[in-house]
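Just so we're on the same page: letters track the sequence lines, and every chain starts at 1. What's counted below: heavy atoms across the whole structure, side chains too, no hydrogens, waters or symmetry copies.
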2 protein chains.
Amino acid sequence: MGRGKIEIKRIDNATSRQVTFSKRRSGLFKKAKELAILCDAEVGLIVFSSTGRQYDFASTR
Amino acid sequence: MGRGKIEIKRIDNATSRQVTFSKRRSGLFKKAKELAILCDAEVGLIVFSSTGRQYDFASTR
DNA sequence: TAGACTATGTATAACTA
DNA sequence: TTAGTTATACATAGTCT
């Protein structure tokens, strides 16, 4: 999705990998929150970047 | 996305809620896996449906 | 029920500043 | 860099099986 199609494999370029991580991470968290709300589900999500930074979310229901 | 725009609030109808849960859950897990691969990140995701069924994923890096 | 279709809303790859 | 834009690929809401 986007200007071109991409293969699902590790992005070699460190800069693009970081940019993609930032964008896709926010998309993933948004969808996790939406699933919890729309479907009354409990969702827990934890992500560690390759540099070790942690991001998490937990719905409370 | 889809034929109409929806509000992000609990879906009242139990049947549509279950159908939406099933569709969005698979989309969420797909995106979690893609993030892990593309960005070399570690991702853990756990979801409990409103009926108590558990679904999870953990990347191994 | 659960699966397929498809029109349309959304996420995002590539680009620009 | 990091933030904003935009063209396009993708996800999915409503529908029909």
Axial cation check for F48(A) ring with R53(A), 6.0 Å and 45° limits: no

Near-strand residues of residues 20-30 of chain B, defined as heavy-atom separation under 4.0 angstrom from DNA chain D: T20(B), K23(B), R24(B), G27(B), K30(B)

Whole-Å gap separating P (dT10(C)) and CD1 (I6(B)): 9 Å

Quiz item: R3(A) side-chain donor-acceptor pair to dT6(D) base, under 3.5 Å: yes

Global bending angle along the helix from dA2(C)-dT17(D) to dA17(C)-dT2(D), which compares the axes of five pairs at either end, to 10 degrees: 30°

Gap between atoms CD and P, on E34(B) and dC10(D) respectively (whole Å): 9 Å

Short side-chain N/O contact from K31(A) to OP1 or OP2 of dT12(D), under 4.0 Å: yes

Whole-Å gap separating C1' (dT12(D)) and CD (Q18(B)): 15 Å

Whole-Å gap separating P (dA13(D)) and CG (D12(B)): 15 Å

Gap between atom CD1 of I37(A) and atom CD of E7(B) - 0.5 Å precision: 11.0 Å

Atom-to-atom span, CG of N13(A) to P of dC15(C) - whole angstrom: 13 Å

Pairwise distance CZ(R24(A)) to NZ(K31(B)) - rounded to 0.5 angstrom: 5.0 Å

Side-chain donor/acceptor of R17(B) to backbone N/O of D40(A), under 3.5 Å: no

dT1(D) glycosidic torsion: syn (within 90° of 0) vs anti: anti

Which nucleotide in dA14(C), dT10(C), dT2(D) has an atom nearest any side-chain atom of M1(B): dT10(C)

Main-chain N/O of Q18(B) paired to S22(B) side chain as donor or acceptor, under 3.5 Å: no

Donor-acceptor pair, side chain of S59(A) and main chain of V43(A), under 3.5 angstrom: yes

Spacing of R17(A) atom CZ relative to dA14(C) atom P, expressed in whole Å: 15 Å

Whole angstrom value for the distance that separates P of dC10(D) from CD of E7(A): 12 Å

Closest approach of L38(B) to K9(A) (non-hydrogen atoms, all atoms of both residues): CD2-O, 3.4 Å

Spacing of K5(B) atom NZ relative to dT8(C) atom P, expressed in whole Å: 14 Å

